[in-house]
Asker: 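Dropping the structure in here first, questions after.
When reading the values below, keep in mind they use all heavy atoms of this one structure, side chains included, and skip hydrogens, waters and symmetry mates. If you're wondering where the values come from, they're calculated on a predicted model, not measured in any experiment.
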Amino acid sequence: MSHVESDASAREPGASGTTSDTVCSSGGSGAGLRHRRYKIAMVSDFFYPNVGGVEVHQYQLAHHLISRGHKVIICTHFYGNRLGVRYLSNGAKVYYLPLPSMYNQCTFPSLYTDLPLIRHILIREGIEVVHCHQAFSSLSYEFILHGRAMHLPVVFTDHSLFGFKDASSIIMNKILELSLWDISHVICVSHTSKENTILRAQIHPDLVSVIPNAIDTSQFMPDPSARDPSKVTIVILSRLVYRKGIDLVIDVIPLICKKYSNAHFLIGGDGPKRLAIEEMREKYQLQDRVTLLGEVGHCDVRNVLIQGDIFFNSSLTEAFCIAILEAASCGLFVVSTKVGGVPEVLPQHMIKYAEPNTQDIAVKLSEAIELKKPSPYLMHEQVRLMYSWCDIAARTEIVYDRVMNLPKLTLMQRLSKIHTLGFVLGKVLVLVITVEFLLMLLVEFLVPAHTIERVPEYHRQPTITHKCPPPPRQPNWKKEPQRNE
């Protein structure tokens, strides 16, 4: 395990949140904060106005890094008429680059076309660390290539799991291996994801750290009064696609509805499997017991969750399931398929795991319906203590400290590392890196770095106005916290 990982990342499930060595403090004076402040560029094809786990992760991490005194810019491609430079309310500067998306919000992959633009942004902003997100992002790979050519440390966060058998996974794994051969450090959101990334990218385990996701628990407060006491409401919030196990959902719903007359399903999300759910609902005459909400905005997720008693996650693969964390914060007991990094997220008394087959899922849902569940307020409090974006930012700073202390390699030193990639791929990558070096010289000759106008320095004072929750050291969950009526 890398020494960058905190002890929390190796504890029991659900304990990968706040640790006692956090350096975040209350007040605006910056006491307890690191003296070194970095200029960071976060890069991904996926960012607002698109909404998803990667987008929320970048926004929250950028927000808390800025509150700790760092400068953060975000680079992504344009969305609709959202083109050029925009500023978010948290102070983050977003470059919506004029790069068209090709498929599923990913830009068209290119090696050298965007080199002048990327170089100009990195020099103009005085970037010290490049932090790329998501293996599906073509833009991330371009920033990795050009950032390393400019001798900048590059950190990569992998949010997904991939297989090793199908053609698409084989191609993506080889692209990842070619892209991360010279990476400064890799962050994974779970230990399962770490093992998966090490095998796919063929990188040394010491280069990979585990820093989980988190949620803003203040946005997911429980409200038991919103539930219908005459029903047992099972909530499903997911994209209705095969990878999310919607075929299992279609098979399980009739079994549960037949066994429990008071069971109701509340399904939020959209996708190609919605038609199959509607057909199942009509076939078994469950129109009054299965409600389809369609696509649910992120701001409305809590309003849907608090109506339920149980949250059901049927994913076939997950690196780290934020959805079950949001559900637990709202006080819902969770039933989930035991896949990927899901067993690392919540403690055992909050969740039941099922194998990804219809029979076992039906058994676990039945057990959850008949189970006496913990208090919603106690579940929320425990999640609040375990997961904090303040802690995630503090642990990410440790990674930045490490990569900033790495020696800068010359071109020949970088090329000498390529022989580990094999005879054919090694030769191809030598050609790619050599051409990149020559193009960088050409661009430097045409537009010297000293002629690029620098962004005026703005010494932002740390604005942390909240306190990281203390570590959960043997809390007494039997006593319910006092609430104002």
Side-chain angles (χ1 to χ4, degrees), residues 51-53 104 161 163 166 226-298 300-318 321-328 330 332-340 342 351-371 373:
V51 178
N104 198 23
L161 295 177
D166 57 290
R227 302 176 181 177
D228 187 342
S230 64
K231 302 177 181 177
V232 176
T233 304
I234 302 172
V235 177
I236 301 171
L237 285 177
S238 169
R239 285 179 286 119
L240 306 183
V241 296
Y242 169 79
R243 190 176 72 87
K244 294 297 184 178
I246 301 304
D247 293 314
L248 295 173
V249 172
I250 294 172
D251 294 336
V252 166
I253 288 178
L255 299 179
I256 297 299
C257 289
K258 181 179 180 180
K259 185 174 182 180
Y260 298 96
S261 59
N262 61 340
H264 289 69
F265 286 83
L266 193 60
I267 304 176
D270 205 354
K273 291 291 183 178
R274 173 165 181 166
L275 180 59
I277 296 178
E278 292 176 344
E279 290 176 349
M280 175 274 298
R281 186 173 63 172
E282 292 185 8
K283 177 180 178 180
Y284 293 97
Q285 299 296 310
L286 298 174
Q287 287 86 347
D288 59 334
R289 300 180 64 184
V290 179
T291 303
L292 294 174
L293 302 177
E295 186 172 351
V296 178
H298 191 264
D300 298 321
V301 169
R302 187 251 178 188
N303 295 332
V304 175
L305 288 174
I306 59 177
Q307 300 178 46
D309 301 279
I310 298 170
F311 182 82
F312 176 38
N313 170 58
S314 58
S315 295
L316 301 179
T317 175
E318 285 284 359
C321 188
I322 296 182
I324 66 175
L325 205 56
E326 295 172 342
C330 289
L332 277 72
F333 189 83
V334 178
V335 175
S336 175
T337 47
K338 192 175 183 179
V339 296
V342 171
I351 186 170
K352 280 189 175 295
Y353 300 107
E355 297 300 324
N357 61 70
T358 304
Q359 292 74 22
D360 198 36
I361 290 174
V363 170
K364 294 303 188 292
L365 279 174
S366 299
E367 293 176 359
I369 291 173
E370 300 171 2
L371 181 70
K373 303 169 186 62

Asker: Closest approach of A263 and C257, non-hydrogen atoms and distance?
Answerer: O-SG, 4.3 Å

Asker: Keeping the roles fixed (side chain from R227, backbone from G308), state whether a donor-acceptor pair exists under 3.5 Å.
Answerer: yes

Asker: Within a strict 4.5 Å, meaning less than it, do heavy atoms of the T358 and V252 side chains meet?
Answerer: yes

Asker: Take D251 and M280, measure what side-chain contact (heavy atoms from CB on, under 4.5 Å) needs, and give me the verdict at the end.
Answerer: CA-CA 9 Å; D251 294 336; M280 175 274 298; over 6 Å; no

Asker: Is there a side-chain contact between L255 and L365, using heavy atoms and a 4.5 Å cut-off?
Answerer: no

Asker: If you measure from CG on N262 to OG on S230, what distance do you get to the nearest 0.5 Å?
Answerer: 8.0 Å

Asker: In Å and rounded to the nearest 0.5 Å, what is the CD to CG distance from Q359 to L248?
Answerer: 10.0 Å

Asker: Could you pull out the closest heavy-atom pair between V249 and S314, with the gap in Å?
Answerer: CG2-OG, 3.3 Å

Asker: Could you walk me through whether I267 and V290 pass the side-chain contact (heavy atoms from CB on, under 4.5 Å) test, one step at a time?
Answerer: CA-CA 7 Å; I267 304 176; V290 179; 3.9 Å; yes

Asker: Of all residues at least two apart in sequence or in a different chain, which pass the side chain to side chain donor-acceptor pair (under 3.5 Å) check with D300?
Answerer: none

Asker: Using atom types as modelled and distance alone, determine if a side-chain donor or acceptor of D360 lies under 3.5 Å from a backbone N or O of E355.
Answerer: yes

Asker: Between V339 and T317, does the side-chain contact (heavy atoms from CB on, under 4.5 Å) criterion hold? Intermediate values first, please.
Answerer: CA-CA 6 Å; V339 296; T317 175; 5.6 Å; no

Asker: Tell me, do I234 and V335 make a side-chain contact under 4.5 Å, heavy atoms counted?
Answerer: no

Asker: Salt bridge or not between E295 and R239? Use side-chain N to carboxylate O under 4.0 Å.
Answerer: no

Asker: What's the separation between atom CZ in F312 and atom CD1 in I324, rounded to the nearest 0.5 Å?
Answerer: 12.5 Å

Asker: Considering all heavy atoms of both residues, which atom of I256 and which atom of A362 are nearest to each other, and what is their separation?
Answerer: CD1-O, 3.8 Å

Asker: When rounded to the nearest 0.5 angstrom, what is the spacing between CG in D270 and CG in L293?
Answerer: 11.0 Å

Asker: Is it the case that the side chain of D309 and the backbone of T233 share a donor-acceptor pair, with hydrogens and angles ignored and the cut-off at 3.5 Å?
Answerer: yes

Asker: Roughly how far, to the nearest 0.5 Å, is CG of L292 from CD1 of I236?
Answerer: 9.5 Å

Asker: Has the side chain of R302 got a donor or acceptor atom that lies under 3.5 Å from a matching backbone atom of C330?
Answerer: no

Asker: Of all the heavy-atom pairs spanning S336 and V342, show the shortest one and how long it is.
Answerer: OG-CG1, 3.4 Å

Asker: If you measure from CZ on R281 to CG on D288, what distance do you get to the nearest 0.5 Å?
Answerer: 10.0 Å

Asker: If we only count heavy atoms from C-beta on, is the N303 to V296 side-chain gap below 4.5 Å?
Answerer: no

Asker: Please report the shortest heavy-atom distance between F311 and L237, naming the atom on each side.
Answerer: CE1-N, 3.8 Å

Asker: Among K373, K259, K352, which residue satisfies the salt bridge (charged side-chain N to carboxylate O under 4.0 Å, His left out) criterion with E367?
Answerer: K352

Asker: Taking the side chain from T337 and the backbone from S315, do they hold a donor-acceptor pair closer than 3.5 Å?
Answerer: yes

Asker: I want to check something: taking the side chain as every heavy atom from C-beta on, are H264 and D228 in contact at a cut-off of under 4.5 Å?
Answerer: no

Asker: Less than 4.5 Å apart, side chain to side chain, heavy atoms only: is that true for Y353 and K364?
Answerer: no

Asker: Is V232 close to Y260 at the side-chain level, that is, under 4.5 Å between some pair of heavy atoms?
Answerer: no

Asker: Which heavy atom of I246 sits nearest to which heavy atom of V241, and what is that distance?
Answerer: CG1-O, 3.2 Å

